[in-house]
A.B. asks: 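One structure coming up, written as structure tokens, with questions to follow.
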Amino acid sequence: IQEAAYREGVETRVYLTESLVLPGSYEAARDIFRGVDVVVNRGQSGKTRAMLTEALEECGYRVLNPSSVQEYSRNKLLASLLASRNGIPTPLTCFPMYMRQLTEKGEEARRTVLADRLVEQVRGAIGDPPYVEKPVDGTHGRGVRYLTRGEESDSLMARSPFDPTILQPVYSSAWEIRAVTLRAPGGEPRTVAAIAKCASEPEQPIRNLAVSGVPVALPVHNVVCLLY
């Protein structure tokens with residue numbers, strides 16, 4: 001990004017987010033980024049990046065990517081709904097709603113009945129297990145669990161309402177594709193890179209590159225153009 005900016009004669013300023021303390025005062029926050037027109041936020045943590053983006057927007061700065069885009073990239077349920085609404089095939093996904101009786105200690109028999117009822121609805125929505133349980137807002141394969149038959153109820157009762165998760169069927173494909181697409185204001189979306197995330201072991205349920213996946217470069221494709 002910096003090299004491209006230099007070629008276009010754009011002055012850049014680099015902030016190391018790990019050493020940045022953002023004040024809660026509007027004027028104090030503006031002083032840190034005084035003279036900046038556009039911010040490209042590339043923090044490693046998705047949650048921290050989203051908070052910084054929202055704070056910068058509140059202070060009147062234009063941020064790439066904006067919080068409205070990050071909302072979809074950080075919420076797997078919204079991303080699934082957006083893709084399916086635009087006719088892009090997506091894994092079957094469901095979000096079991098939380099009941100207070102499941103997250104608090106109480107009558108064990110009642111909690112079990114409620115959990116079993118949710119499991120029945122999950123199976124009606126996405127089929128029989130095994131399932132992959134993923135945090136709604138998570139990155140780098142953290143918090144991803146592989147659930148076999150009989151583990152669904154225990155998982156539902158163990159989940160925290162402060163860290164919601166989705167369930168998807170386990171697909172046996174040894175690879176999945178990730179594409180990066182850019183769209184300039186007023187322009188058409190353009191896919192600039194694509195990789196396949198491949199399993200490194202047979203029956204490996206997690207293929208995230210931060211865990212044990214193997215990246216393979218792919219020719220650029222434009223499947224994500226359908227989103228627009």
Side-chain angles (χ1 to χ4, degrees), residues 44-47 50 71-179 194-216 218 223-224:
Q44 182 72 8
S45 167
K47 292 182 179 181
E71 182 180 9
Y72 282 92
S73 67
R74 296 178 59 244
N75 187 316
K76 295 181 179 67
L77 180 62
L78 288 183
S80 178
L81 292 171
L82 175 65
S84 62
R85 178 166 61 89
N86 287 275
I88 295 178
T90 58
L92 293 173
T93 302
C94 71
F95 173 52
M97 299 298 292
Y98 292 88
M99 298 183 181
R100 189 169 183 175
Q101 293 92 331
L102 292 180
T103 59
E104 292 185 349
K105 298 296 182 182
E107 184 182 348
E108 191 66 25
R110 185 180 183 186
R111 296 177 71 228
T112 301
V113 169
L114 292 172
D116 288 344
R117 191 179 301 167
L118 281 179
V119 169
E120 183 179 349
Q121 294 184 59
V122 167
R123 291 180 180 176
I126 64 175
D128 292 332
Y131 302 132
V132 175
E133 182 180 19
K134 303 176 180 179
V136 171
D137 179 6
T139 57
H140 305 297
R142 290 187 291 263
V144 177
R145 300 181 58 209
Y146 183 87
L147 302 179
T148 58
R149 181 178 291 273
E151 295 180 322
E152 312 101 300
S153 295
D154 290 341
S155 176
L156 288 172
M157 287 193 287
R159 294 154 85 210
S160 167
F162 303 106
D163 190 18
T165 57
I166 59 171
L167 294 177
Q168 295 176 331
V170 173
Y171 293 92
S172 59
S173 173
W175 53 271
E176 61 190 54
I177 294 175
R178 171 168 293 187
I195 63 169
K197 299 188 294 181
C198 302
S200 57
E201 300 176 5
E203 305 299 326
Q204 179 182 311
I206 302 175
R207 285 185 287 275
N208 194 285
L209 301 182
V211 182
S212 58
V214 178
V216 177
L218 295 176
V223 63
V224 286

A.B. asks: Kindly compute the distance separating OG1 (T90) from CD (Q168), expressed to the nearest 0.5 Å.
C.D. replies: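 Going from the OG1 atom of T90 to the CD atom of Q168 covers 8.0 Å.
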A.B. asks: Side chains of E152 and E133: does their closest heavy-atom pair fall under 4.5 Å?
C.D. replies: no
A.B. asks: Can you measure from OG (S84) to CG (L92) and round to the nearest 0.5 angstrom?
C.D. replies: 10.0 Å
A.B. asks: Hey, does S153 have a side-chain heavy atom less than 4.5 Å from the side chain of V119?
C.D. replies: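 Yes, their side chains come closer than 4.5 Å.
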A.B. asks: Quick check: closest heavy atoms across P129 and T148, and the distance to 0.1 Å?
C.D. replies: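 So the minimum-distance heavy-atom pair works out to CB-C, 4.2 Å.
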A.B. asks: Hey, are the side chains of R149 and R123 touching, using non-hydrogen atoms and a 4.5 Å cut-off?
C.D. replies: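 Heavy-atom side-chain distance check passes, below 4.5 Å.
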A.B. asks: Below 4.0 angstrom, N of the basic side chain to O of the carboxylate: do R145 and E151 qualify?
C.D. replies: no
A.B. asks: For a quick test of reading the model, state the closest non-hydrogen atom pair linking P169 to Y131 and the distance between them.
C.D. replies: CA-CD2, 4.2 Å
A.B. asks: Between P135 and V144, which heavy-atom pair has the shortest distance, and what is it?
C.D. replies: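 Smallest heavy-atom distance, with atoms named: CD-N, 4.2 Å.
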A.B. asks: Measure the spacing between CG of D137 and CG of N75 and express it to the nearest 0.5 Å.
C.D. replies: 7.5 Å
A.B. asks: Mind checking the CG-CD1 spacing from L82 to I88? Nearest 0.5 Å is all I need.
C.D. replies: 7.5 Å
A.B. asks: To the nearest 0.5 Å, what is the distance between CD1 (I166) and CG (L77)?
C.D. replies: 6.5 Å
A.B. asks: Is there side-chain contact between K76 and F95, with at least one heavy-atom pair below 4.5 Å?
C.D. replies: no
A.B. asks: Measure across L156 and A115 and return the closest heavy-atom pair with its distance rounded to 0.1 Å.
C.D. replies: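 L156 and A115 have their closest heavy atoms at CD1-O, 3.8 Å.
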